[in-house]
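This report concerns only the one structure given below.
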Amino acid sequence: MIYNRQAETMPRKQIEALQLERMKHIVRYCYDNVKLYHDRFDAAGFDPDKFKALSDIKYIPPTTKDDLRDNYPFGLFAVPQKKVVRIHASSGTTGKPTVVGYTKNDLDMWSEIMARLIAAAGVNDEDIAQICFGYGLFTGALGLHYGLERLGASVVPSSSGNSEKQIMLMKDFGTTTLIATPTYALYLGELAAELGYGPDDFKLRIGLFGSEGSTPEMRAKIEQKLGLFATDNYGMSELIGPGVSGECEFRDGLHINEDHFFTEVVDPDTLEEKAEGEVGELVITTLTKEALPLLRYRTRDLSRVTYAPCKCGRTTARMDKIMGRSDDMIKVKGVNVFPSQIESVLMPMSQISPHYMLYVRHEGYTDTLEVKVELIDGSLLERWSDLEKLQETIHAKLRTVLGIDAKVTLVQPKTIERFQGKAKRVVDLR
């Protein structure tokens, strides 16, 4: 189902005309209502009234997460406090959180764009949707919640944690749609098996997963364990929360809500624009946000974008699944390493579980990388020749993908932490 056919099937020229109209407004709006942008435009000699083409966006200085932190808590809000009807904040655990605000119009827009993405994934008003995101300052749970309600689905706000109860509710309520991080969905699938349940014991059919990246290999494991069709959606608190983009039934890229977000793909180092289909950092401008408008926000997420229409009938641009983050990259022995590269090696291997940790150390005069992985069968640790063979296989595959040697440590089942929210897999001890 296409929820908003007018917005989602608009011809490309019409999309760009609407984006330009809204871009002119939001640029002027930011200049008039946000001191940071007023001062930066003046310092750069940029006149907001001379914004004539979408390509003029390159003259606007980018916005970063540090800008939000430096203006904590409400310094980037563009409306009086009485018009802010909700406040969320980042889920970070260190320092001051990144604070975001919403007007009534912002919340209405958020529900609309979430309903579009949820419908694109295949959810409808007959579904029972169980939300296993934590409710609170984190934007994920409420973003999906109100989008699902707008679509007409029955929402089970089970929140995160209490995993055995999650399984019970999933079974007893006949949950058909699961909302969670990929890591937590995978854990629920493992726990269900331990409790004696298989995919046929549930009515699950669709997964709406987000808040962290996952590889195709990890998605395949989730689908196998839970018996559902897994889809990704993308967003971040600074921009809106979830709602920037999401997959349709063809899973050939995540459809961007282009009438509300203008997306650039740039070189992370030079900020030069990348050609269509080239990988770079996503830089996103909010076109309709009132409380917290952001111009050229550097997401640090790496992806690529295509503007070709999709087989589903939607004409909106599509971005690839996030391939990594420019600030999540680990540099080991001068080589750029992304956790997603390691995950793509580990996930297809039948003898190891999906749970792993990466440890980076400086030993002697060089950096080292240790990949610690859980075994499925702990008795393998007692069969030295089989254990050594598996370690050598993983080591060789990692070297092929990464171009460097990594120490492989295989450990007993259930000794690596399970994450109910975003997985934190890298420990840099240098």
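Atoms considered below: every heavy atom in the structure, side chains included; atoms not considered: hydrogens, waters and symmetry mates. These figures come from a predicted structure and were not determined experimentally.
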With a 3.5 Å distance limit and no angle check, can you tell me whether T299 reaches the backbone of L282 through a side-chain donor-acceptor pair? yes
Where the side chain of N257 meets the backbone of H260, is there a donor-acceptor pair that is under 3.5 Å apart? no
Going by the rule side-chain hydrogen bond (donor to acceptor under 3.5 Å, both in side chains), which residues pair with Q341 if we only count those two or more places apart in sequence or in a different chain? none
K274: which of V305, V266, D267 passes side chain to side chain contact (heavy atoms under 4.5 Å, CB included): D267
What pairs of donor and acceptor atoms, side-chain ones from residues 117-124 against any protein atom, are under 3.5 angstrom apart with sequence neighbours left out?
residue	atom	partner	partner atom	Å
N124	OD1	E126	N	2.8

Among all residues two or more places apart in sequence or in another chain, which pass the side-chain hydrogen bond (donor to acceptor under 3.5 Å, both in side chains) test with D125? none
Using atom types as modelled and distance alone, determine if a side-chain donor or acceptor of T176 lies under 3.5 Å from a backbone N or O of R205. no
Could you work out, with side-chain hydrogen bond (donor to acceptor under 3.5 Å, both in side chains) as the rule, every residue matching D428, not counting sequence neighbours? R430
Ionic contact status for R12 with E276, cut-off 4.0 Å: no
Find out whether the Lys NZ or Arg CZ of R22 is both under 6.0 angstrom from the six-membered ring centre of F262 and within 45° of the ring's axis. no
Considering residues at least two apart in sequence or located in another chain, which fulfil the side-chain hydrogen bond (donor to acceptor under 3.5 Å, both in side chains) criterion with S245? none
Any pair counted as salt bridge (Lys or Arg N to Asp or Glu O under 4.0 Å), so long as it reaches residues 135-148, sequence neighbours left out: none
If only atom types and distance count, is the side chain of W110 paired as donor or acceptor with the main-chain N or O of G147 below 3.5 Å? no
Test: salt bridge (Lys or Arg N to Asp or Glu O under 4.0 Å). Region: residues 101-117. Which pairs qualify, not counting sequence neighbours? D108-R150, E112-R116, E112-R150, R116-D259
Assess whether atom CD of E273 is packed by more than 12 heavy atoms of other residues, nucleotides or ligands within 6.0 Å. no
Going by side-chain hydrogen bond (donor to acceptor under 3.5 Å, both in side chains), name the pairs with one or both residues in residues 289-298, residues two or more places apart or in two chains. T103-E290, N105-E290, E238-Y297, E264-R296, E281-R298
Ignoring hydrogens and angles, state whether a donor on the side chain of S237 or T139 is under 3.5 Å from an acceptor on the partner side chain. yes
From CA spacing to verdict: side chain to side chain contact (heavy atoms under 4.5 Å, CB included), L228, F209: CA-CA 12 Å; L228 49 67; F209 301 132; 4.2 Å; yes
So R425 and E212, salt bridge (Lys or Arg N to Asp or Glu O under 4.0 Å) or not? Walk me through it. CA-CA 12 Å; R425 302 197 184 280; E212 65 180 15; 5.5 Å; no
For D66, check side chain to side chain contact (heavy atoms under 4.5 Å, CB included) against everything at least two apart and list the hits. T64, R69, D70
May I have all residue pairs that pass ring-ring contact (aromatic ring centres under 6.0 Å, His included) and include part of residues 142-182, sequence neighbours excluded? Y135-H145
Would you find more than 12 non-hydrogen atoms of other residues, nucleotides or ligands less than 6.0 Å from Q6 atom CD? no
Under 4.0 Å between a side-chain nitrogen and a carboxylate oxygen: does that hold for D367 and K333? no
For Y359, does its backbone N or O pair with a side-chain atom of E370 as donor and acceptor, under 3.5 Å? no
Which donor-acceptor pairs under 3.5 Å do side chains of residues 311-319 form with protein atoms, sequence neighbours excluded?
residue	atom	partner	partner atom	Å
R314	NE	E8	OE1	2.9
R314	NH2	M1	O	2.9
T315	OG1	M10	N	3.1
T315	OG1	M10	O	2.5
T316	OG1	H255	ND1	3.2
R318	NH1	D252	O	2.7
R318	NH1	D252	OD2	3.1
R318	NH2	A308	O	2.7
R318	NH2	P309	O	3.4

Table please: side-chain donor-acceptor pairs of residues 347-357 below 3.5 Å, with sequence neighbours left out.
residue	atom	partner	partner atom	Å
S353	OG	H355	N	3.2
S353	OG	E374	OE1	3.3
H355	NE2	E190	OE1	2.8
H355	NE2	E190	OE2	3.2
Y356	OH	E343	OE1	2.9

Basic-acidic side-chain contact under 4.0 Å: E247, R219: yes
Residues Q166, Y184; criterion side chain to side chain contact (heavy atoms under 4.5 Å, CB included); working and verdict: CA-CA 11 Å; Q166 300 276 13; Y184 191 50; 3.7 Å; yes
Got L292 and Y102 here, is their nearest side-chain heavy-atom distance under 4.5 Å? no
Is there a side-chain contact between F74 and V99 (heavy atoms, below 4.5 Å)? yes
Examine distances only and state if a side-chain atom of K321 and a backbone atom of S214 form a donor-acceptor pair shorter than 3.5 Å. yes
